[in-house]
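By convention in this document, chain letters (A, B, ...) are assigned in the order of the sequence lines, proteins followed by strands, and residues within each chain are numbered from 1.
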Amino acid sequence: MPSEHELFQQRLDKRARLLEAGDPYPARVRRTHTTAEAIAAFVASGEAEGAVEVSVVGRVTAQRMMGKAAFLDVRDATGRIQLHFRRDALANYEDLSLVDLGDFLEVTGTLFRTRTGEVTVAATAWRVITKTLLPLPDQWAGLKDPETRARQRYLDLLANERSMTIATQRAQIVSAVRRFFLNRGFLEVETPVLQDQAGGAAARPFTTHHNALDRDFFLRISLELHLKRLLVGGFEKVFEVGRVFRNEGVSFRHNPEFTLLESYEAYADYEDVARMVEALISGVALEVLGGTNLVHADSPDVSLAPPFARTTYRAALIEHAGIDYRDYPTTEALAALAHDRRVPIAEGASWGTILDALMSTFVEPKLIQPTFIFDYPTALSPLAKKKVDDPDTVERFELFALGYEIANAYSELNDPVDQRARMVEQAAKRAEGDDEAESMDEDFLIALEHGMPPAGGLGIGIDRLVQLLTGEHSLREVLLFPALRERPRDGTNIEGTPPEGQ
RNA sequence: GGGCCCGUAGCUCAGCGGUAGAGCAGUGGACUUUUAAUCCAUCGGUCCUCGGUUCGAAUCCGAGCGGGCUCACCA
């Protein structure tokens, strides 16, 4: 074919010729029926040929030109309909030569059924309502290149029905989650993205700069510490669905920004939260997918019907790895164990980090069916309340399914003295170079000192939840616009003119 | 960041040391119920980039850029 430049030029020329007859980009169009409604109306009318007049709009997906007549297909969000153009019925029939695949048309006509049985609009008037300058992906070959699919998601959505389905289901999942909390009397709130301290999770934050204040801010890595301040302020049930940012590697399961749900309920504990999580996840699955059994091609079948399996952190590690972490109380002992088990450990990793590595290696991949892991080591959970009878363990659980973490929850630590001590400890680790340790957040501590009621808190990675429910293995598939490396643009047509020289 | 794999026409892909190919899309023509319309003709390429080996490189080698998978870290 002509080079991309020539294709572009041909379409620019067509645009110019269309402009002579009218505006190929009108602000207002006539649409009496969607494509699906038009077909339904024809069927409902008893299929009297010529009796139902409609105006439909949509993008041209196929052209079958036959000289003095032509069939085109247009598609809108509801489906597709065939159009029949006859030279003897249309004053501007010849302008069809200015129409390319991908252009948007407005077509008025009456409905009939062709002899091959397809409901079709016999056009009595038509015009271009958006001229397209670049070709869309080939209708039959489709668009497969993963990079183009991610970088130009609009093309992916047009070419791959599955992408549209995932994006739609994601939106429905988020709506269903919101509805779940609102129905339970939670208030949806918004907290700052730009923060003095990025706390509430173990992760490296992004930094940014405020020019007028001439100071740096961190982008939040969690929602936790601000939502808890609201409990101090008298709210009893709050939640937020928000984007958080973590300055870490990009992979099929990590994006630098992702969507986090967090909820806090005063006077509840982590057992209450666990029951709520079962109701939430099974309820959302029921609402969005129509059932709690997940059957996806590339992943094992999963049942999200409550109750979910339960075990404890210690029991799970003993069961799946034969390791009782209480036998390895020092960093040295645990590091030696990790080495024996061929679990790679970063230089200078803390006891908690090593333990987490063992857990990730030996236990998490085995948790295919939804499973709660209760009672985490205190060292891993600086914001969770200790168990009354065991100060080395906190009232915390995580929910796993398909081998990855779905939810994280605890009975919130509300003893300001204990919280201060643990933050001091974290800050010390930080000073030793652990840049994922919690930083001191004096404002948060002062809030706690004013009294935060006992509360159960929950965090759910929405992207992971969407992965679970859609059966998508890659995070990139459930994000409309995943982070990618910067690619130098070749500059095609930014200015409406393609680059010189193909 | 490490390992493995990939990069050829707008799209989907062949070719893998000897003149750069196919289908679709485009352009011109025929065709008034086609539907992956059909038929005839035709245009179209820094074979990712740079360097090397060779009489000769899309093909072999090295480096770089981009991508995919995977490991590490995390959600």
Side-chain angles (χ1 to χ4, degrees), chain A residues 1-11 13-14 61-73 80-90 93 97 100-102 112-118 120 122 133-152 155 159 201-204 221-222 244-261 343-346 349 353 356-357 360-361 364 398-400 404-408 435-436 459-465 467 473-476 484-488 490 492 498 501-502:
Chain A
M1 80 173 167
S3 67
E4 185 169 16
H5 174 266
E6 286 172 273
L7 282 181
F8 190 85
Q9 195 58 50
Q10 284 168 357
R11 289 185 177 225
D13 291 345
K14 290 174 181 174
T61 58
Q63 299 184 95
R64 294 177 289 280
M65 311 297 289
M66 297 187 307
K68 300 184 185 65
F71 288 92
L72 278 69
D73 295 341
R80 182 195 72 88
I81 196 166
Q82 178 169 261
L83 314 168
H84 189 212
F85 295 76
R86 295 168 60 108
R87 190 167 73 177
D88 56 16
L90 294 162
Y93 180 84
S97 66
D100 288 295
L101 295 182
F112 72 107
R113 203 178 271 278
T114 64
R115 66 176 170 219
T116 50
E118 179 155 355
T120 300
L133 298 181
L134 289 170
L136 298 177
D138 179 82
Q139 182 177 186
W140 297 103
L143 177 65
K144 294 182 180 162
D145 174 46
E147 184 179 357
T148 307
R149 288 187 52 231
R151 284 190 195 276
Q152 294 181 277
L155 297 180
R204 277 181 280 270
I221 58 173
S222 84
V244 300
F245 307 86
R246 298 189 182 177
N247 206 342
E248 286 157 1
V250 177
S251 75
F252 79 104
R253 47 196 320 180
H254 297 281
N255 199 62
E257 52 181 301
F258 65 100
T259 303
L260 190 59
L261 159 79
V343 175
I345 299 298
T353 302
D356 217 40
S360 306
T361 305
E364 293 177 11
E398 292 193 341
L399 174 66
F400 291 85
Y404 49 74
E405 181 190 334
I406 301 292
N408 179 26
D435 54 3
E436 290 186 356
I460 290 184
I462 292 291
D463 312 275
R464 290 282 170 84
L465 179 63
Q467 276 185 265
H473 172 67
S474 174
L475 185 63
R476 189 158 288 182
L484 298 169
R485 278 171 219 262
E486 187 176 13
R487 159 168 273 195
D490 58 11
T492 312
Q502 41 268 44

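Both distances falling under 3.5 Å, in either a Watson-Crick or a G-U wobble arrangement, occur for no nucleotide opposite G45(B). If you check C24(B) for Watson-Crick or wobble pairing at under 3.5 angstrom, you find it paired to G10(B). Pair assignment for C69(B): G3(B), on the basis of Watson-Crick or G-U wobble contacts that are both within less than 3.5 Å. Of all nucleotides present, none satisfies the Watson-Crick or G-U wobble test against G17(B) with each distance under 3.5 Å.
With sequence neighbours excluded, the residues forming a salt bridge (charged side-chain N to carboxylate O under 4.0 Å, His left out) with D100(A) are R11(A), K14(A), K131(A), listed by chain and number. Among residues two or more places apart in sequence or in another chain, the ring pair (Phe, Tyr, Trp, His ring centres under 6.0 Å) test is passed with F245(A) by none. For L136(A), the side chain to side chain contact (heavy atoms under 4.5 Å, CB included) partners two or more places apart in sequence, or in a different chain, are R59(A), L155(A), L158(A). With sequence neighbours excluded, the residues satisfying side chain to side chain contact (heavy atoms under 4.5 Å, CB included) with T353(A) are A349(A), S350(A). Remark: F400(A) engages no residue in a ring pair (Phe, Tyr, Trp, His ring centres under 6.0 Å) (not counting sequence neighbours).
Considering only side-chain N and O atoms, Q63(A) lies nowhere under 4.0 angstrom from the phosphate OP1 or OP2 of C24(B). Regarding contacts with the backbone of U34(B), every side-chain N or O of R64(A) stays at 4.0 angstrom or more from both OP1 and OP2. Considering only side-chain N and O atoms, K144(A) lies nowhere under 4.0 angstrom from the phosphate OP1 or OP2 of C6(B).
Regarding D100(A), its CG atom lies at a distance of 17 Å from the P atom of C24(B), rounded to whole Å. Remark: C1' of U12(B) and CG of L136(A) are 15 Å apart, rounded to the nearest angstrom. When rounded to the nearest whole Å, the span between CD1 of I81(A) and P of U34(B) equals 18 Å. Across the protein-nucleic acid pair, D73(A) atom CG and A25(B) atom C1' stand 16 Å apart, rounded to whole Å. Distance, K14(A) NZ to A25(B) P: 13 Å, rounded to whole Å. For the pair D356(A) CG and A72(B) C1', the interatomic distance rounds to 14 Å; values are reported in whole Å. Atom CG of D13(A) and atom P of C43(B) are 20 Å apart (whole Å).
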All N/O contacts under 3.5 Å from nucleotides 30-33 of chain B to the protein, with atom names and distances to one decimal?
from   : atom 1 : to      : atom 2 : distance (Å)
C31(B) : N3     : G67(A)  : N      : 3.2
C31(B) : N4     : G67(A)  : N      : 3.1
U32(B) : OP2    : K68(A)  : N      : 3.4
U32(B) : O2     : R86(A)  : NE     : 3.4
U32(B) : O2     : R86(A)  : NH1    : 3.4
U32(B) : O2     : R86(A)  : NH2    : 3.2
U32(B) : N3     : D88(A)  : OD2    : 3.1
U32(B) : O4     : D88(A)  : OD2    : 3.1
U33(B) : O2'    : R115(A) : NE     : 2.3
U33(B) : O2'    : R115(A) : NH1    : 3.0
U33(B) : O2'    : R115(A) : NH2    : 3.0
U33(B) : O2     : R115(A) : N      : 2.8

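Two residues, Q82(A) and T353(A), neighbour RNA chain B, and the one matched to the more 5' nucleotide by heavy-atom proximity is Q82(A).
Out of C11(B), U27(B), C73(B), the shortest distance to the side chain of L143(A) is found at C11(B).
Between the NE2 atom of H84(A) and the CE atom of M66(A) there is a distance of 5.5 Å, given to the nearest 0.5 Å.
Closest approach of I221(A) to A201(A), counting heavy atoms only: CD1-O, 3.3 Å.
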